[in-house]
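Working notes, structure below.
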Amino acid sequence: MFSVIRARRHAAAGFAALLVIAVAACGSTGASGSSATASGPYTVWDPYPQFDNGSAWVRLLTKCGSDAGVQVKRTAFDTTDLTSKVLLAAQQGVAPDVLIVDNPVISTLAQAGVLTDTATAKVDTTAIEPNLLAAGQLNGKTYGVPIGANTLALYYNKNILQAAGVDPAGVRDWSSLTAALAKVKAAGKRGITFSAIGTEEGSFQFLPWFWGAGANLTNLSSPQAVSALSLWTTWLADGYAPNSVINDTQTTSWQEFATGQVGFAENGTWQLSNAKQTGFPYGVIPIPADNGGATAPAPTGGEFVTVPVASDSGRYRTSAKLVACLTSAGNAYTTDTTLSYIGATATLQQKQAANGDLSSWVAAVRSAKGRTSDNLGTKYPKISQQLWTAVQAALSGSASPQAALRTAQDAAAAATR
Amino acid sequence: MNTRARRPAWWKTVIGLLLTAVMLFPVYWMLNESVTRDTDMRKTPPSWFPSHGTLDGYRAVIDQQLPYLGTSLVVGLGTVVLTLAVAAPAGYSLAKLHPRGGRALSFILLVAQMIPAIIMAMGFYAILLTTHLINTLPGLVVADSTIAVPFGVLVFTAFMRGVPAELMQAARTDGAGSLRTFVSIVLPLSRNAIVTVSLFTFLWAWSDFVFASTLDAGGTRQPITLGIYHYIGNNNQQWNAILATAVVASIPATVLLVLAQRYVSAGITSGAIKD
Amino acid sequence: MNNRTRLRPAGGGETPEVDASPRLGRPLRRARSGQWAAWAFLAPVVAYLALFYAYPLYRNLDLSLRDYTVASFVRGGAPFVGLGNYRTVLADPTFGPALLHTVVFTAASLAFQFTIGLALAVFFHQHFRLAVALRALFLVPWLLPLIVSASTWSWLLNSDSGLVNYALHLVGVGPVDWLTSPHWSLVSVILANVWIGIPFNLALLYSGLQSIPDTLYEAAALDGAGAWARFRRITLPLLRPVSAVTLLLGLIYTLKVFDIIWIMTRGGPVDSSTTFATWSYRLGFGNLLPAFGSGAAVGNLLVLMALLFGLVYIHTQRTAPAA
C-alpha cells in the first residue's frame with residue numbers, strides 16, 4: 001500500500017520535473033530578433049567584429065538608420081562564419097535586412113536565393129567601377145554594391161633592400177624579383193614571405209602570380225600555371241621564402257615581415273596602419289607579371305553591401321536607403337579610410353590617388369580582377385579549393401608543380417561539370 | 001593510521017613540480033606571447049622572455065572584456081545547475097533502480113554525444129527561434145548543457161554503482177523510498193561525482209564557442225568566447241589581445257577549480273566511506 | 001574485493017544488521033512501483049533527449065539523405081537520394097586517407113592520454129606537499145579556449161620561429177617542419193590533442209582512485225605486496241568501471257575533435273592530417289560553397305564508428321559483474 005503511494009509521489013516528481021523543463025523551454029524571457037513588420041528594427045550583419053559599439057562604423061550605421069527613420073540593430077560575425085550563418089538564417093526566415101559580406105561568396109548566396117538583385121531592391125550601382133562590380137554579378141544580374149576594394153602588392157623593407165643593394169624600381173618582372181631575393185638572402189635576410197595556407201587566403205595570394213603568368217582559372221594545368229607554381233616552389237627550395245608560408249595566414253605572414261628580418265612581403269592594403277608601426281621604413285611596389293611591363297592583375301578583396309530577400313518586400317525601400325547611405329561618397333570615404341580600402345567609384349579613387357598613403361594602391365585596384373568574374377560564379381569556390389590544394393602539394397614536396405596542377409585541374413573539371 | 005604520511009616526500013613534490021612545469025609550458029608560452037609586441041611575434045629565434053613587452057593586450061581586455069567574463073560565469077553556473085538537475089537522478093536510476101530499457105537509454109545517451117556540435121547548433125537554432133529563446137542566456141544555458149548531460153549521466157551511473165548494495169538495502173529496511181534514499185544516502189556519497197560533473201560542465205560551458213556563436217551572436221550579453229572575436233577582424237588579428245583575453249578569462253575559472261578540488265578532498269576525508 | 005566489509009553510512013548512526021534476503025509477499029508490487037520510481041527519475045533526461053536531441057539528429061540524417069544545394073538548403077525541396085551522398089563520400093579520394101588518419105589519431109591520442117592521465121592520477125594520489133594544488137593546475141589547459149591552445153601549439157611548432165625547433169637546434173638536431181610537412185602534420189596534431197586531453201583523463205581517473213578505500217592498499221602492503229603488484233591487483237581492477245567510462249568518452253570526444261586540427265593545419269598539407277571530423281567540417285562549412293549533404297554523410301559515418309564502440313562498451317557492461 002505504501003509503495004503505491006510512494007510510486008505516485010515519484011511519478012508526480014517526474015512530471016513536475018518535465019513541467020519545469022517545458023516552462024523553461026517555452027518561456028519567453030528576452031527580446032528576440034527582428035520582427036517582420038516594416039517598421040521594426042532593421043538588422044544589419046557585417047564581418048567586422050573588430051568594430052565594437054563605440055566605433056565610427058557602428059555610429060555610421062546608427063546615423064544611416066536614423067536618416068532613414070528606423071532603428072538599426074547590428075551584429076558582427078567572423079567573416080569565415082558569416083556565409084553559413086546567413087544560409088541558416090535564411091532557411092529559418094530570419095535573414096538580416098542588410099548584409100555586408102566578402103565578395104567571393106556573393107555568387108553562392110545569390111544562387112541560394114538569399115540575395116535580391118539590385119534592380120529589385122532598387123539600389124543604384126551606376127557609379128561603381130565595372131571591374132569591382134563584376135565580383136557581385138551572376139548571370140547578368142548584380143547582387144550588391146562594393147563598399148570598397150582592397151588588393152595585394154609587395155611591401156618591402158627599405159633598410160634591407162638598401163643593405164643588399166637592391167633597387168625596388170628595378171623589380172619589374174619575375175626574373176628581376178628572383179634576383180633581388182637572391183641578393184637579400186646573400187645579405188643574410190629572408191627574401192620574401194606570403195601566405196600559401198590551405199584556405200581561400202592561399203588562393204587569394206597565389207592569384208596575382210597565376211594571372212601574372214597569363215594563366216586562366218578555367219585551366220589550372222596550363223604551362224603558364226605550372227610556371228607560376230614553379231616560381232613559388234623554387235623560392236622555397238632556394239630558401240628565399242620560409243617554409244612556414246605553407247601554414248601562414250596573411251596575418252602571420254605579415255608578422256614575419258614585421259620582425260624586420262624579411263625583405264619583401266606580399267600583403268594587402270589593410271596592413272597600411274600596421275606598416276607604419278613596424279619601426280622600419282617601408283615601400284610598396286605592384287606585383288610584377290612574368291614578362292614585365294604590365295602589372296599582374298591582382299584579385300579584389302573587400303565586402304559588398306547587399307540586401308537579402310525579405311518576406312515583406314515593403315522593407316526593401318528602407319534597406320535600399322541604408323545601402324545608399326553606407327555607400328555614399330562621404331560615408332564610403334570614411335569607411336574605406338578606416339578599413340584601408342580603395343574606393344569603389346572613380347571619384348573616390350581619384351580623391352585617394354591625390355592624397356594619402358593609398359595613392360600607390362589605386363592603380364593596382366584599377367587593374368584588379370574579381371575572383372568570381374568571367375562568370376565563374378559558384379564554380380570559383382570549387383576551382384579555388386583545387387588550386388590551393390595544388391599549391392600546398394607542390395610547396396610541401398608531395399608532388400611536382402605539374403603533377404599537382406594536373407590533379408587539380410582534373411578534380412576541378414569534374415566538380416564544375 | 002597511515003604510515004606513508006610520515007615519510008618525507010619532498011622528492012615527490014619536486015617531481016610533481018617538474019611534471020607540472022612541463023605540462024604547463026605551453027601556457028607559459030601563451031603568457032609570454034600575450035605581452036609580446038606584434039612585430040616580435042615571429043622573431044627567429046624566439047625569445048624566452050619578451051625584451052620589449054607590451055601590456056596593450058591586457059589594457060584592451062580590462063577595458064572591454066569584463067562584462068563578457070561576467071556573462072560566461074552566469075552561463076557556466078546555470079549550465080551546471082541544469083546538468084546536475086537532469087543527470088544526477090538519471091544516474092541514480094540507471095545505477096540502482098534497474099529500469100527496464102535502461103540499457104537502451106544508456107545507448108541512446110551515447111549516440112546523443114556523438115552528434116557533432118555544429119549539427120546540434122544548427123538544430124538548436126531552429127528550436128530556440130521557435131521558442132523565442134534565441135540570443136538569450138537561458139537559451140544558451142540549455143544548449144550548453146547538451147554538451148554535459150550525457151557525460152553527466154554516464155559518470156553518475158558509474159560512480160553511483162559504487163554505492164554498496166548493503167547501504168541501499170539498509171535504507172530500504174528502514175522504510176525509505178527511492179527518493180529518500182537518493183537524497184539522504186546516494187547523493188552525499190556521490191560528492192565526488194557531483195564535483196567532477198560540475199567541474200567538467202562548467203569548463204565546457206565556459207569554453208564553448210560553437211553554440212555561443214550560432215545561438216547568441218545577436219545577444220546583448222555574450223560570453224567571453226565571442227568577446228575574443230573583437231580582436232579577430234576580417235583581415236587582421238590582434239594576437240596579444242586575444243591571448244590576454246584567454247589569460248584573464250582563465251583566472252576566475254582557475255579559482256573555481258582550486259576551490260572545487262579542495263572541496264573534493266575535504267569531502268573524502270570527512271569519513272564518507274571509511275571503517 | 002572483500003565483500004564482508006561492514007560499511008558505515010554517512011552521518012554515523014547505528015549499523016543495522018543487514019539481512020539480504022528479500023521480503024516475502026510483496027515482490028510483484030515492489031517490482032512495478034520500482035519501475036515507476038526508476039522511470040520517474042529518468043523522466044527529466046528522457047524529456048531532455050526528446051526535446052533537444054531528436055530534432056538535430058533528424059536534421060543530420062535528413063541532410064545526409066538528400067541532395068542539398070545551397071538553394072535547396074535555404075528554400076527546401078531537396079530531392080531524396082537515399083545513400084547517394086554516402087556513395088559519393090566513399091568514392092572520394094580523400095576517404096581512404098581520412099579514415100586512416102581518424103583511426104591513427106584516435107588510437108594514438110587515447111593511448112597516450114589515458115596512460116599519462118592514469119600515471120599522473122596515481123602519482124598525485126599520494127600525499128605530498130602541494131599535491132592538491134599541482135593537480136588543480138593540471139586542469140588549466142582545459143580552461144583555455146581551443147583557439148588559443150591550438151594557436152599556441154602552432155607557434156611552438158612553427159618551422160622557423162617556433163620554440164621546439166629552436167630547442168632542437170640547441171641540441172644539434174635539424175629543424176622539423178612540424179605543421180607544413182605531410183609526414184609530421186598528423187604527429188603534431190596528435191601531440192597537441194594529447195596535451196589537451198590529459199586533464200580530462202587525470203580528473204576522471206583521479207576521482208575513480210579516490211573511491212578505492214585506503215584500507216585495501218594497507219591490507220595488501222601488510223601482506224607484502226609491492227607497489228606494482230598493488231597497482232595491478234587492486235587499482236586496475238577496481239578502476240575498471242571508471243576506466244571504461246573514461247576510455248569510451250575519450251573515444252567519442254576524440255572522434256569529434258576538429259578545432260585543434262583545423263586551427264593548426266587546416267587538415268594538413270594535402271589532406272595529411274584530415275580526419276572525418278575535419279573533412280565533414282570542410283565539406284559543410286569550411287569552404288565558400290557548402291556541400292551540406294556530403295558533410296552530413298561524413299559526420300554520420302563518424303557517428304557510426306562511435307556507435308560500434310558504444311555497442312562494445314554496452315556489451316562489456318552487460319557481462320561485467322554488478323557492483
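Nothing here was measured: the structure is a model prediction, and the numbers come from that model. The figures that follow rest on heavy atoms only: side chains count, while hydrogens, waters and symmetry mates do not. Chain identifiers are assigned alphabetically (A, B, ...) following the order of the sequence lines, protein sequences preceding nucleic acid strands; residue numbering begins at 1 within each chain.
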Task: Part of A:L88 within contact of chain C (heavy atom distance under 4.5 Å) - done: both
Open item on the list: Within the 4.5 Å heavy-atom criterion, are A:P308 and A:T116 side-chain neighbours or not?
Closed with: no
Open item on the list: If I measure from the heavy atoms of chain C, does A:T108 come under 4.5 Å with its side chain, its backbone, both, or neither?
Closed with: both
TODO: If the plane angle is over 60° it's perpendicular, under 30° parallel, otherwise tilted; pick one for C:F52 and C:Y48.
DONE: perpendicular
Task: Closest approach of A:E256 to A:P242 (non-hydrogen atoms, all atoms of both residues) - done: OE1-CG, 3.6 Å
Open item on the list: Determine whether the aromatic ring centres of residues C:Y53 and C:Y58 are separated by less than 6.0 angstrom.
Closed with: no
Task: Residue, of C:L42, C:D177, C:L179, C:N158, that accumulates the most heavy atom pairs under 4.5 Å with chain A - done: C:D177
Task: Side chain, backbone, both or neither of C:T180 within contact of chain A (heavy atoms, under 4.5 Å) - done: both
Open item on the list: Heavy-atom cut-off 4.5 Å, strictly under: side chain, backbone, both or neither for A:S396 against chain C?
Closed with: both
Task: Contacts with chain A made by residues 71-80 of chain C (heavy-atom distance under 4.5 Å), listed by residue number - done: C:A71, C:F73, C:V74, C:R75
Task: Test ring pair (Phe, Tyr, Trp, His ring centres under 6.0 Å) applied to C:F292 and C:F285, C:Y281, C:Y68, the passing residue - done: C:F285
Open item on the list: Checking the side chain of C:S181 only, and the main-chain atoms of C:H183 only, is there a donor and an acceptor separated by less than 3.5 Å?
Closed with: yes
Open item on the list: For A:F194 and A:W235, take the angle between the two ring planes, folded into 0 to 90°, and tell me which bin it lands in: parallel under 30, tilted 30 to 60, perpendicular over 60.
Closed with: tilted
Task: Positions in residues 257-266 of chain C that reach chain A, provided some heavy atom is under 4.5 Å away - done: C:M264, C:T265, C:R266
Open item on the list: Against C:N193, only a single residue in C:S109, C:S149, C:S188 fulfils side-chain hydrogen bond (donor to acceptor under 3.5 Å, both in side chains); can you say which?
Closed with: C:S109
Task: Shortest non-hydrogen separation from A:A135 to A:S107 and the atoms involved - done: O-OG, 4.4 Å
Open item on the list: Check this for me: does any side-chain nitrogen of one of A:R190 and C:D160 sit under 4.0 Å from a carboxylate oxygen of the other?
Closed with: yes
TODO: Decide, yes or no, whether a salt bridge links C:D271 with C:R282 under the criterion of side-chain N to carboxylate O below 4.0 Å.
DONE: yes
